[in-house]
*Asks:* 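Please read through the structure below; I'll follow up with questions.
We name chains A, B, ... by the order of the sequence lines, and we start the count at 1 in each one. Not measured: the values here are computed from a predicted model.
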2 protein chains.
Amino acid sequence: MSDVEGELRDVDPRAPEAPRRPRAIGGRRAEIASAAARFFAEHGYHTVGMRDIAEAVGMRGASLYNHFSAKEEVLYAIALGMTKGPVEEHLPLLDAEGTPATRLAALLRAHIRNLAEHRVEHLVGLRELAALTPEHRAEITDYRRYYQRRVRDVIAAGARAGEFAVDGPGRAAVAILDMINGISWWLRSEHDVDEIVENYVGFALDGILQHARARDELRRRDG
Amino acid sequence: MSDVEGELRDVDPRAPEAPRRPRAIGGRRAEIASAAARFFAEHGYHTVGMRDIAEAVGMRGASLYNHFSAKEEVLYAIALGMTKGPVEEHLPLLDAEGTPATRLAALLRAHIRNLAEHRVEHLVGLRELAALTPEHRAEITDYRRYYQRRVRDVIAAGARAGEFAVDGPGRAAVAILDMINGISWWLRSEHDVDEIVENYVGFALDGILQHARARDELRRRDG
DNA sequence: ACACCATACTAACGACCGTCAGTAGAGCTG
DNA sequence: CAGCTCTACTGACGGTCGTTAGTATGGTGT
């Protein structure tokens with residue numbers, strides 16, 4: 001009946017060791033989470049039913065419980081992918097060689113590209129935090145706080161080195177991350193991602209993180 | 001400005017004789033919307049029931065329909081207050097005397113102060129757009145687009161006048177507004193609003209809107 | 001070949017939600 | 001007082017939702 005095709009046996013990028021599972025069963029999970037993210041992004045978590053998500057991947061609502069133990073688990077998987085992932089894969093860029101400025105620029109570039117590639121998941125992970133279990137929400141916000149702290153620290157290092165001219169590295173970090181995360185609200189497929197990346201890295205590195213220098217120079221000029 | 005305080009309603013709501021409060025307040029609508037905004041901000045629009053909102057203002061769920069024709073109307077009132085209001089009250093600051101920089105600074109200051117004063121409404125108006133009727137959502141986004149366009153125009157004027165050094169006034173406008181609107185996600189009552197206002201106006205005016213100047217100067221310095 | 005297990009299905013339950021109908025008391029107006 | 005309005009109440013309906021139980025099926029390992 002249901003013409004579920006088996007062709008999309010996928011390759012999960014992060015499956016270090018698949019425990020004795022010959023079938024690529026993680027793939028269906030990712031497929032469901034991806035479809036759910038699209039729906040959540042467009043209509044909101046609570047207005048989307050399990051039956052809606054199921055239909056999008058070609059099954060009936062109840063069958064989703066073979067892959068997720070609850071609807072909230074789907075949201076949790078989406079949110080976790082957008083917080084834990086970047087922390088583990090992008091944050092090492094801050095430990096690489098180079099000045100704080102080059103390292104931060106590399107991080108922001110990776111961040112924005114990741115956001116553009118997973119726009120809906122990113123949007124959902126930001127917007128639907130309140131729908132998570134308190135424990136899950138705490139875990140997500142912990143990841144986010146850690147990420148933000150690392151950005152703050154590299155900004156502080158750059159300020160000490162004279163690369164940045166900013167007072168309040170913490171506030172600048174928040175401002176930069178909010179500015180960048182705002183992209184997920186309006187990004188459309190017709191936008192030029194490369195251009196956006198360069199614009200925003202410029203806004204952050206040459207703009208916000210130089211604002212104290214520009215401010216002093218402008219004041220000196222104007223008297 | 002705050003209207004009706006929570007006067008003593010220590011009476012069992014089931015009591016056949018309800019406490020007679022002084023008539024004369026049309027502020028009941030505002031009181032309901034305000035309580036609803038607090039709940040929506042904390043728990044999300046769909047997880048908050050009419051009965052929850054009602055309880056917060058001392059009535060039963062069905063009685064809310066004497067003030068709003070539907071739950072969505074409550075959300076609409078909140079969102080409208082946070083979009084139409086600023087458009088009509090703050091945007092005239094852009095038509096006042098002064099250079100583009102001083103006028104834009106005045107607008108951003110007013111914007112952030114308004115956001116801080118109505119943090120929950122602002123957050124809800126941003127986050128729960130998807131829960132609005134298509135017609136209501138279109139109206140809200142129209143207001144927001146218009147606001148954004150006006151900001152873009154004053155940035156373009158400042159760039160022509162040499163006050164700003166930015167390429168792409170539209171993108172800078174979006175970045176600045178996203179950065180500022182991000183405040184509503186983390187603002188707490190213990191924050192110093194005045195300090196935030198000055199920080200963010202600096203980020204925008206001396207930072208993002210000067211990034212092309214800073215970029216060129218840094219490149220010249222570094223070779 | 002057989003057992004197993006992952007996965008899909010159908011059917012239904014219980015809870016909750018937005019909303020409405022109908023009612024009643026208080027205050028104002030004549 | 002009579003009559004109208006405003007606002008709150010009770011009670012309930014219809015629908016939807018997340019979730020569970022029980023069952024069927026087909027591929028896989030032994």
Side-chain angles (χ1 to χ4, degrees), chain A residues 1-10 12 18-33 35-36 39-40 43-77 128 131-133 136, chain B residues 4 7 9 11-33 35-36 39-40 43-77 128 131-133:
Chain A
M1 302 293 184
S2 69
D3 47 350
V4 177
E5 67 292 299
E7 54 198 4
L8 269 178
R9 294 296 140 78
D10 72 283
D12 189 304
R20 80 182 191 273
R21 215 77 114 240
R23 304 264 299 258
I25 77 160
R28 210 86 172 120
R29 250 182 87 95
E31 191 185 351
I32 292 168
F39 273 61
F40 291 164
H43 304 105
Y45 173 75
H46 279 99
T47 61
V48 175
M50 292 302 262
R51 294 162 178 87
D52 298 322
I53 302 170
E55 195 186 11
V57 296
M59 4 186 218
R60 320 293 266 217
S63 305
L64 290 176
Y65 289 83
N66 287 313
H67 303 275
F68 291 91
S69 69
K71 183 188 178 188
E72 190 263 354
E73 286 280 339
V74 182
L75 178 61
Y76 174 57
E128 311 285 6
L132 286 171
T133 292
H136 286 166
Chain B
V4 203
E7 43 183 335
R9 49 174 64 94
V11 182
D12 183 357
R14 280 175 186 276
E17 296 184 35
R20 285 306 136 229
R21 72 193 80 235
R23 205 135 192 296
I25 24 158
R28 207 84 171 121
R29 247 183 89 98
E31 190 186 354
I32 292 169
F39 273 63
F40 292 165
H43 304 106
Y45 174 75
H46 285 283
T47 60
V48 175
M50 292 300 264
R51 293 162 177 86
D52 298 322
I53 303 170
E55 194 186 13
V57 297
M59 19 186 213
R60 319 295 270 214
S63 306
L64 290 176
Y65 288 83
N66 288 314
H67 303 276
F68 291 91
S69 68
K71 184 187 179 188
E72 191 264 352
E73 287 280 340
V74 181
L75 178 60
Y76 175 57
E128 310 284 7
L132 287 171
T133 292

*Asks:* Step through the shown structure and confirm whether more than 12 heavy atoms of other residues, nucleotides or ligands are within 6.0 Å of CD on A:Glu55.
*Replies:*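 No.
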*Asks:* Return yes if the base of C:dA6 and the side-chain atoms of A:Asn66 contain a donor-acceptor N/O pair under 3.5 Å, otherwise no.
*Replies:*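 Side chain to base: no pair below 3.5 Å.
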*Asks:* What is the distance, to the nearest angstrom, from the CG atom on A:Leu64 to the P atom on D:dT20?
*Replies:*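 So the CG-P distance, A:Leu64 to D:dT20, works out to 13 Å.
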*Asks:* Return the nearest nucleotide to the side chain of A:Ala62; candidates are C:dT19, D:dT20, D:dT19.
*Replies:*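 For the A:Ala62 side chain, the nearest candidate turns out to be D:dT20.
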*Asks:* Find the distance A:Tyr45:OH to D:dC17:P and express it as a whole number of Å.
*Replies:*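 Nearest whole value for this atom pair: 13 Å.
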*Asks:* Mind calculating the distance between CZ (A:Phe68) and C1' (C:dA6) to the nearest angstrom?
*Replies:*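 Rounded to whole Å, this separation is 15 Å.
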*Asks:* Counting side-chain heavy atoms from C-beta on, which of D:dG18, D:dA8, C:dG18 comes nearest to A:Lys71?
*Replies:*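 Closest nucleotide among those given: D:dG18.
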*Asks:* Angle class for the A:Tyr45/A:Phe40 ring planes (parallel below 30°, perpendicular above 60°, tilted otherwise)?
*Replies:*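 Perpendicular, since the angle between the ring planes exceeds 60°.
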*Asks:* I need the CZ-C1' distance between B:Arg60 and C:dC17, as an integer number of Å.
*Replies:*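 Computing the B:Arg60:CZ to C:dC17:C1' distance gives 16 Å.
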*Asks:* With no hydrogens and no angle check, is any side-chain donor or acceptor of B:Glu31 less than 3.5 Å from a backbone partner on B:Val57?
*Replies:*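 No, the answer is negative, given that no donor and acceptor are paired below the 3.5 Å cut-off.
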*Asks:* How is B:Val48 classified with respect to the nucleic acid when contacts are heavy atoms under 4.0 Å: base, sugar-phosphate, or nothing?
*Replies:*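 Counting heavy atoms under 4.0 Å across all strands, the contact made by B:Val48 is with sugar-phosphate only.
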*Asks:* For D:dC17, does either OP1 or OP2 sit under 4.0 Å from a side-chain N or O belonging to A:His46?
*Replies:*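 So the side-chain polar atoms of A:His46 never come under 4.0 Å of the phosphate oxygens OP1 or OP2 of D:dC17.
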*Asks:* Take the protein atom OH of A:Tyr65 and the nucleotide atom P of C:dA11, then report the distance between them rounded to whole Å.
*Replies:*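 So the two atoms are 19 Å apart, to the nearest Å.
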*Asks:* Would you say a side-chain N or O of B:Ser63 is under 4.0 Å from OP1 or OP2 of D:dT7?
*Replies:*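 For B:Ser63, the contact criterion (side-chain N or O under 4.0 Å from OP1 or OP2 of D:dT7) is not met.
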*Asks:* Check whether any side-chain heavy atom of A:His43 sits under 4.5 Å from a side-chain heavy atom of A:Asp52, and report yes or no.
*Replies:*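 No - every pair of side-chain heavy atoms lies 4.5 Å or more apart.
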*Asks:* D:dC17 C1' sits how many Å from A:Glu55 CD, rounded?
*Replies:*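 That distance rounds to 16 Å.
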*Asks:* Would you kindly give the CD1-to-P distance between A:Ile53 and D:dT19, to the nearest whole Å?
*Replies:*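 It is 10 Å, rounded to the nearest whole Å.
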*Asks:* Tell whether B:Arg51 reaches the base of C:dT19 with its side chain through a donor-acceptor pair below 3.5 angstrom.
*Replies:*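 Yes.
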